[in-house]
Peer 1: 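Got a structure for you, questions after.
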Amino acid sequence: MQCPSLDDLTPVHLNECERCRKLLALQEGLRAKLRQSEGEVPIPQGFQERLKARLDRVERAPERGRLASSGWIGRAFRSFGLAACLALALLPWLTRNQSSSFRLSEALAEHHSACWALPKNSRCASDWEAWSQAHQNPEVPVPLSASAGLQEQERRICPFGDVGKGPHLLLHDPKGRQASLFVLPLAESQDRLPKRPVAYRIGTDTVALWHGPHWGFALVSPASENETLEWIQPALGSDQPWLYLAAR
Amino acid sequence: MSIDPELRQRFDQEAVVHAEALYRFARRLADSEDQAEDLVQECFEKALRAFHQYKPGTNCKSWLFTILHNCHRMRMRSAQNRREILDPGDDPKFSLLDRLMEHEVSSEQAFFDATPSDEVRQAVGELSEALRSVVLLSDVEGLTYQEIAEVLSVPLGTVRSRLNRARTSLGQKLWKLFRERVPALAR
C-alpha cells in the first residue's frame, strides 16, 4: 500500500495502516520529548529584569527636538542643527560633480523588520540571498540624487531613504522578472512622491515613484521605463498596488 | 522616540510574555548565553519600535520569531559564520521505527522514556542551524508551516522537506546515542 506523508494522513488510512499509526505515534513521542527537553533550557537569572530595563530605555528616549530645549546643551544642539541645515542646503552644490553610489543589496540585507503582513504571491526581501541569486547584478549602483527621490540615511539605501519603515515586497512583472516594491506612509514621504507615476532609469533597473491616498510606493524593476509605467497603470490610485501588480 | 504608555502596556501583555520562548530559541542559535540574551533584547527593542504597526489578532509570537531570526541572520552575515544546511553524515533513508522493530524495543514510549533530555538537546544541537530552526519552531513552539516559512523566509515546501530531514536526522542521532547507552537493548 502506498502511504501518504504523515502530514497528509487521513483517518481512513490510519485505521487501515498499522505502520502509519506507529510512525505517527513515534513523531508525537519525538515532539513531546523535544518540548520537554527544550523546556528545561534554563533562563538566566535576571533575564526579565534586564529585558525590561532595556525596553524602558527605548521608552525614555527623547522625541526629536525635545532635547534641545534649554541651557547650554540646548544652545549646542541648536547650533548643531543650524550647521546641519546649512550643510544640507549646500549639499547639491557640494556634490554636483560626484556620482556617489551604494549597493542596493546592502539595503536589502538591512531591511528585515516589520514585514509580517504581506499579501499572497509576494514576500519580504529579507531573504536577500534569494534576491541576490534572482538578480544577475545584485549590486546595482544607486545614485544618491534627491531629484530622483533617492536619499542616503545611515548607509541604508532605498528609494525612500529609510528601509526600516513599511514592507518591501518582491513581485514578478508580466514577463516574469523579479521587481521590488517599497512601501512608505505618505505622511513620511516629505512631498517627494508625485501622484502620477514617474520612472527613472538607474543602472540596469528602473525606479518608478508614485503615491496612493495614504501610502507612497517605489517599484524597482529590471524592465524599461515604459514597460514599468504600463505595468503599474492599473494599480494607480490604490493603496494596495500589489493586488494589481502581482495579479498580472 | 517616545513610546505611548498604552502601547507599551499592550506590548508587555502580548509580546514580552513570549520572552522566555524566544530566549530558548535564541540559545539554540547563539554560541553563548550572553549572545542569546543580547539577541533577544535586540529583537524586543526592534519589536517595540515597530509595535505600532503590529496588527492585533495576528500571531505575535510568530512575528517576534521573524524579527529574532532576522536579527540573528544579520549577525551571522556580518560574522561570515554561516553553517551548512545539510548534515552530510546522515542517512536520508534511516527509519527509527524500523530500528525499534528490528531490535525489539517494546514501544516508542519505552525508547523515549529511556532517552534523557540532555541527549535530546545534544542531538538537536548537532543538527545544522537550518534544520534545527525548523524543528524547534514546529515541534517545540507549535508554529504552523506557513508561519515558519514566513519566519525563515523560505518557501512552504522547503519547510516541509527540512522538517522531514530534521526528524530523520534526529531519529538517527538519538538511535546512535541510545545504542551506545543501552547496548543490550539495541544490538
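So you know, we letter chains A, B, ... as the sequences are listed, proteins then strands, and number each from 1.
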Peer 1: For a salt bridge (charged side-chain N to carboxylate O under 4.0 Å, His left out) check, start with the C-alpha distance between D38(B) and R54(A), then their side-chain angles and the critical distance, and finish with the verdict.
Peer 2: CA-CA 10 Å; D38(B) 194 44; R54(A) 178 145 171 185; 3.5 Å; yes
Peer 1: Quick one: pull up OG in S5(A) and CZ in R160(B) and give me the separation to the nearest 0.5 Å.
Peer 2: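 These two atoms lie 6.0 Å from each other.
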Peer 1: What closest approach, in Å, do S117(B) and Q36(A) show between heavy atoms, and which atom pair accounts for it?
Peer 2: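 Where S117(B) meets Q36(A) most closely, the heavy atoms are OG-NE2, 3.4 Å.
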Peer 1: Could you note down all residue pairs passing salt bridge (Lys or Arg N to Asp or Glu O under 4.0 Å) where residues 31-42 of chain A supplies at least one of them, sequence neighbours left out?
Peer 2: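 Listed by first then second residue: E28(A)-R31(A), R31(A)-D139(B), E38(A)-R28(B), E40(A)-R121(B).
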Peer 1: Identify which part of F25(B) has an atom lying under 4.5 Å from any heavy atom of chain A, answering side chain, backbone, both or neither.
Peer 2: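 No part of F25(B) comes within 4.5 Å of chain A.
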Peer 1: Under the side-chain hydrogen bond (donor to acceptor under 3.5 Å, both in side chains) rule, what do R167(B) and Q27(A) come out as? Steps first, then yes or no, please.
Peer 2: CA-CA 8 Å; R167(B) 286 174 178 155; Q27(A) 183 173 300; 3.2 Å; yes
Peer 1: For F51(B), is it the side chain, the backbone, both or neither that has a heavy atom under 4.5 Å from a heavy atom of chain A?
Peer 2: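 It is neither, since no heavy atom gets under 4.5 Å.
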Peer 1: What part of L7(B) gets within 4.5 angstrom of chain A, counting heavy atoms only: side chain, backbone, both, or neither?
Peer 2: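 For L7(B), no heavy atom lies under 4.5 Å from chain A.
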Peer 1: Looking at I43(A), V41(A), L23(A), L51(A), which has the largest count of heavy-atom pairs under 4.5 Å with chain B?
Peer 2: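 Looking at each option in turn, the highest pair count goes to I43(A).
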Peer 1: Below 4.5 Å from any heavy atom of chain A, which atoms of S62(B) appear? Answer side chain, backbone, both or neither.
Peer 2: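 Neither part.
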Peer 1: Using the rule given for side-chain contact (heavy atoms from CB on, under 4.5 Å), can you reason through Q41(B) versus L55(A), listing the C-alpha separation, both sets of side-chain angles and the distance that settles it, and then say yes or no?
Peer 2: CA-CA 8 Å; Q41(B) 288 190 2; L55(A) 293 177; over 6 Å; no
Peer 1: Does any pair with a residue in residues 29-55 of chain A pass ring-ring contact (aromatic ring centres under 6.0 Å, His included), and if so which ones, sequence neighbours excluded?
Peer 2: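 Residue pairs with at least one partner in residues 29-55 of chain A: F47(A)-Y23(B).
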Peer 1: Relative to chain A, which segment of L136(B) carries a heavy atom at a distance below 4.5 Å: side chain, backbone, both, or neither?
Peer 2: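 The answer is the side chain of L136(B).
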Peer 1: Kindly indicate whether the side chain of L96(B), heavy atoms from C-beta on, has any atom under 4.5 Å from the side chain of L30(A).
Peer 2: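 No; the side chains remain at least 4.5 Å from each other.
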